[in-house]
Amino acid sequence: MERLSGIPASAGMATGPVYLIRSEALRAERTATDDPAVELQRLDEALTRAAFEIEALRRRTFEKVGAEEAQVFEAHALMLSDPALVDSARALIENERVSAAWAFQAAGEEMAEMLATLDDEYLRERAADVRDVAGRVVRILLGRPAASLLGMAEPSIVVAHDLTPSETAQMEYDLILGFATDIGGPTSHTVIMARTLGIPAVVGLGNITERARHGDRCILDGSAGTVTLSPDIGALDEAARRQAAQEERKERLAALRDLSATTADGRAVELAANIGRPAEAANALKYGAGGVGLFRTEFLYMDRPTLPTEAEQYHAYQTAIETMAPHPVVIRTLDIGGDKQLAALPLPAEANPFLGLRALRLCLERKDLFKTQLRALLRAADHGPLRIMYPMVQSLQELQAANALLAEAREELIAEGIAVGKPEVGIMVEIPAAAVIADVLAPHVDFFSIGTNDLIQYTLAVDRMNERVSHLYQPFHPAVLRLIRQVAHAAHGAGKWCGMCGEMAGDPVAAPLLLGLGLDEWSMSAPALPAVKEILRAVSVAECEALARDLLMLSDPAEIRAGAAVFYASRLQQP
Ligand code: PEP
Ligand code: MG
């Protein structure tokens with residue numbers, strides 16, 4: 001028996017045989033050509049073939065997994081026409097008179113190496129996508145068939161060095177019990193897919209591909225981040241016991257789907273989902289979402305050379321609204337800048353992008369762009385209950401400037417004879433300044449939604465992307481909890497409601513405390529909904545208010561979290 005430790009990437013336990021994937025790295029040799037024109041022609045044909053293959057994978061992933069997971073292949077398709085890649089391969093063929101396969105391999109390698117040196121973890125991991133695309137084109141140019149990964153005959157745990165999106169997309173998901181890889185980070189494509197499909201995964205295991213043998217039994221614990229090779233009877237018994245408990249919990253949570261989000265003493269709360277694409281609204285309903293509490297519209301603007309038109313946006317918002325109706329949809333206006341960049345709107349580099357010209361600040365500077373979005377939103381509001389939400393509001397003046405533009409857009413549309421709806425208008429409270437002056441802002445909004453991802457980073461001065469200070473990123477810090485209480489209190493004082501759409505809203509252990517602090521609405525990734533509903537249905541408002549009072553007397557975030565965890569466990573004891 002041997003236990004390997006890695007990074008927990010997707011929760012859950014799995015036991016089964018190892019399915020070892022050894023991807024052979026196909027290398028093109030540097031060969032000279034007398035006729036660069038022929039090689040250029042071959043490259044064009046290979047790019048077309050690659051586009052067909054990628055489209056097939058995109059469709060399969062879209063159907064079997066989901067719209068968001070399929071996006072990676074849209075990005076792959078775009079890479080096939082990226083001048084940085086294709087033109088440099090063409091230049092190599094023409095200037096150095098080399099084969100198309102070697103030229104594309106060299107161009108891909110150069111681009112991947114450039115990405116791999118970037119600070120941004122997300123962009124760094126995109127190096128794997130470039131290698132995936134380049135590998136595909138090289139394979140086609142070398143005349144080799146695509147390796148099939150569909151050979152799995154029985155449910156197995158996939159063990160690989162790293163899995164490219166293309167490899168993952170070809171698998172029979174129904175037969176995959178778990179994923180274990182040598183390398184890979186928490187935002188890699190395999191991890192995102194595994195989480196969406198509910199498949200346990202551990203990445204960053206070092207050299208599991210050398211230690212594991214094809215067909216050996218193993219236990220994978222996606223929550224602890226361990227893989228046990230050739231486990232003994234004791235370890236297998238323990239794993240079986242935990243798996244049974246896991247199954248039982250899954251069934252219990254599935255049964256909650258159609259039950260109301262009401263506390264034990266009858267307070268109705270709103271439990272909603274965060275989405276990034278209109279197509280995800282349907283998935284949110286599968287988990288029993290009572291609405292969408294955050295539609296991040298950035299995704300409509302990303303990975304494309306031009307900005308989305310008013311008509312395009314209108315249709316996207318309308319789709320989300322009509323899918324969710326009669327439930328409400330909160331659509332957040334563009335939150336670009338910070339860690340998110342647009343090809344269609346290159347922004348100058350900033351020393352502190354998270355403190356820079358992002359989100360509403362940028363929209364108020366680029367009023368043309370903002371107005372287009374506001375017009376699309378007002379038109380979409382005619383199709384169902386829409387709530388518009390501005391991100392990164394810092395002062396009353398910013399909120400008023402945004403509202404003035406919204407009023408202008410409304411007047412324009414009415415003058416043009418175009419139908420508009422009457423959406424609620426609220427703000428994200430994610431800058432401490434907004435939380436502190438929540439009482440000043442409350443009369444001017446219909447609702448608040450607390451963005452804890454940013455509120456925590458700004459309140460505690462902890463970069464949310466920096467692993468070296470991640471131990472200081474504490475949702476249960478008393479400063480954060482006091483701000484949440486203050487924001488909810490200010491909302492209620494003005495007769496408004498207060499929600500939360502940061503990651504903290506999806507933590508079931510935090511839910512009773514948040515109810516006690518005055519939260520009315522929770523919005524989270526859809527799979528997190530049942531567990532939050534389960535605990536909220538088991539508690540009363542009064543006891544949660546008492547819990548919040550007690551825990552806010554403590555000063556240590558770890559103690560506060562422990563107190564919340566003890567309360568959580570005490571309420572979920574099954575008879
Ligand atoms: C937040 O800041 O909590 C939030 C929900 O927004 P984002 O994660 O998109 O910044
Ligand atoms: Mg934010």
Side-chain angles (χ1 to χ4, degrees), residues 68 120-122 186-187 192 195 270-277 280 284 289 291-302 320 329-342 347 350 352-363 373 387-394 398-399 402 426-435 438 447-466 470 473-477 479-481 483-484 487-488 498-507 510-511 514 517 519 521-526 528-529 532:
E68 198 175 348
D120 185 308
E121 186 183 355
Y122 177 82
T187 56
I192 295 168
R195 283 203 194 125
E270 241 183 76
L271 294 186
N274 293 353
I275 63 170
R277 299 250 166 188
E280 289 165 40
V292 164
L294 169 64
F295 177 171
R296 290 181 163 99
T297 55
E298 303 66 89
F299 295 96
L300 283 170
Y301 293 72
M302 285 159 90
V329 176
V330 177
I331 302 188
R332 178 174 77 181
T333 59
L334 186 60
D335 181 0
I336 214 68
D339 59 327
K340 299 174 215 126
Q341 297 294 330
L342 296 186
L347 297 170
E350 295 180 341
N352 293 299
F354 275 104
L355 302 180
L357 189 67
R358 61 173 285 204
L360 185 62
R361 300 165 178 188
L362 177 69
C363 285
Q373 184 171 38
R387 298 164 170 174
I388 296 178
M389 176 160 78
Y390 306 130
M392 293 284 292
V393 173
Q394 180 239 35
E398 278 180 344
L399 168 59
I427 63 167
M428 289 196 68
V429 178
E430 52 184 342
I431 296 183
F447 66 91
F448 287 143
S449 182
I450 304 176
T452 47
N453 304 344
D454 278 316
L455 186 64
I456 295 168
Q457 91 162 338
Y458 294 131
T459 304
L460 304 181
V462 176
D463 179 350
R464 65 194 250 198
M465 320 277 277
N466 184 342
S470 61
Y473 188 91
Q474 291 159 319
F476 291 86
H477 192 295
V480 174
L481 300 177
L483 288 179
I484 294 170
V487 174
C498 178
M500 177 179 285
C501 58
E503 288 298 305
M504 190 179 187
D507 179 0
L514 295 173
L517 292 174
L519 212 64
E521 183 245 26
W522 281 249
S523 190
M524 63 202 79
S525 75
L529 281 161
V532 172

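Note: hydrogens, waters and symmetry copies are ignored here, and every other heavy atom, side chains too, is used. Whatever order the structure lists them in is the order used to number ligands and atoms, beginning at 1. If you read the sequence from its start, that first residue is 1, and numbering goes on from there.
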Is any side-chain heavy atom of Thr459 closer than 4.5 Å to a side-chain heavy atom of His477? no
Find out whether Glu430 and Met392 are in side-chain contact, i.e. whether some heavy atom of one side chain is under 4.5 Å from a heavy atom of the other. yes
Does the distance from a Lys or Arg side-chain N to an Asp or Glu carboxylate O, for Asp454 and Arg358, drop under 4.0 Å? yes
Counting neighbours of CD on Glu503 that are heavy atoms of other residues, nucleotides or ligands and sit closer than 6.0 Å, is the number greater than 12? no
Contacts of Val330 that satisfy side-chain contact (heavy atoms from CB on, under 4.5 Å) - sequence neighbours left out: Arg387, Met389, Phe447
What protein N/O/S atoms sit under 2.8 Å from the Mg ion (ligand 2), by chain and number? Glu430 OE1, Asp454 OD2
Any non-hydrogen side-chain atom of Gln373 less than 4.5 Å from a side-chain atom of Tyr301? yes
One pair per line, please: each N/O atom of ligand 1 matched with every protein N/O atom under 3.5 Å away, atom names first, then the distance to 0.1 Å.
from: ligand 1; atom 1: 2 (O); to: Glu430; atom 2: OE1; distance (Å): 3.0
from: ligand 1; atom 1: 2 (O); to: Asp454; atom 2: N; distance (Å): 3.1
from: ligand 1; atom 1: 2 (O); to: Asp454; atom 2: OD2; distance (Å): 3.0
from: ligand 1; atom 1: 3 (O); to: Gly451; atom 2: O; distance (Å): 3.4
from: ligand 1; atom 1: 3 (O); to: Thr452; atom 2: N; distance (Å): 3.1
from: ligand 1; atom 1: 3 (O); to: Asn453; atom 2: N; distance (Å): 2.8
from: ligand 1; atom 1: 3 (O); to: Asn453; atom 2: ND2; distance (Å): 3.4
from: ligand 1; atom 1: 6 (O); to: Arg332; atom 2: NH1; distance (Å): 3.0
from: ligand 1; atom 1: 8 (O); to: Arg296; atom 2: NH2; distance (Å): 2.9
from: ligand 1; atom 1: 8 (O); to: Asn453; atom 2: ND2; distance (Å): 2.9
from: ligand 1; atom 1: 8 (O); to: Arg464; atom 2: NH2; distance (Å): 2.8
from: ligand 1; atom 1: 9 (O); to: Arg296; atom 2: NE; distance (Å): 2.8
from: ligand 1; atom 1: 9 (O); to: Arg296; atom 2: NH2; distance (Å): 3.3
from: ligand 1; atom 1: 9 (O); to: Arg332; atom 2: NH1; distance (Å): 3.1
from: ligand 1; atom 1: 9 (O); to: Arg332; atom 2: NH2; distance (Å): 2.9
from: ligand 1; atom 1: 10 (O); to: Asp454; atom 2: OD2; distance (Å): 3.0
from: ligand 1; atom 1: 10 (O); to: Arg464; atom 2: NH1; distance (Å): 3.1

Set of salt bridge (charged side-chain N to carboxylate O under 4.0 Å, His left out) partners for Glu398, sequence neighbours left out: none
Closest non-hydrogen atoms of Val292 and Ala272, given as atom of the first, atom of the second and distance, are C-CB, 3.8 Å
With heavy-atom distances below 4.5 Å as the criterion, would you say the side chains of Arg277 and Phe299 are in contact? yes
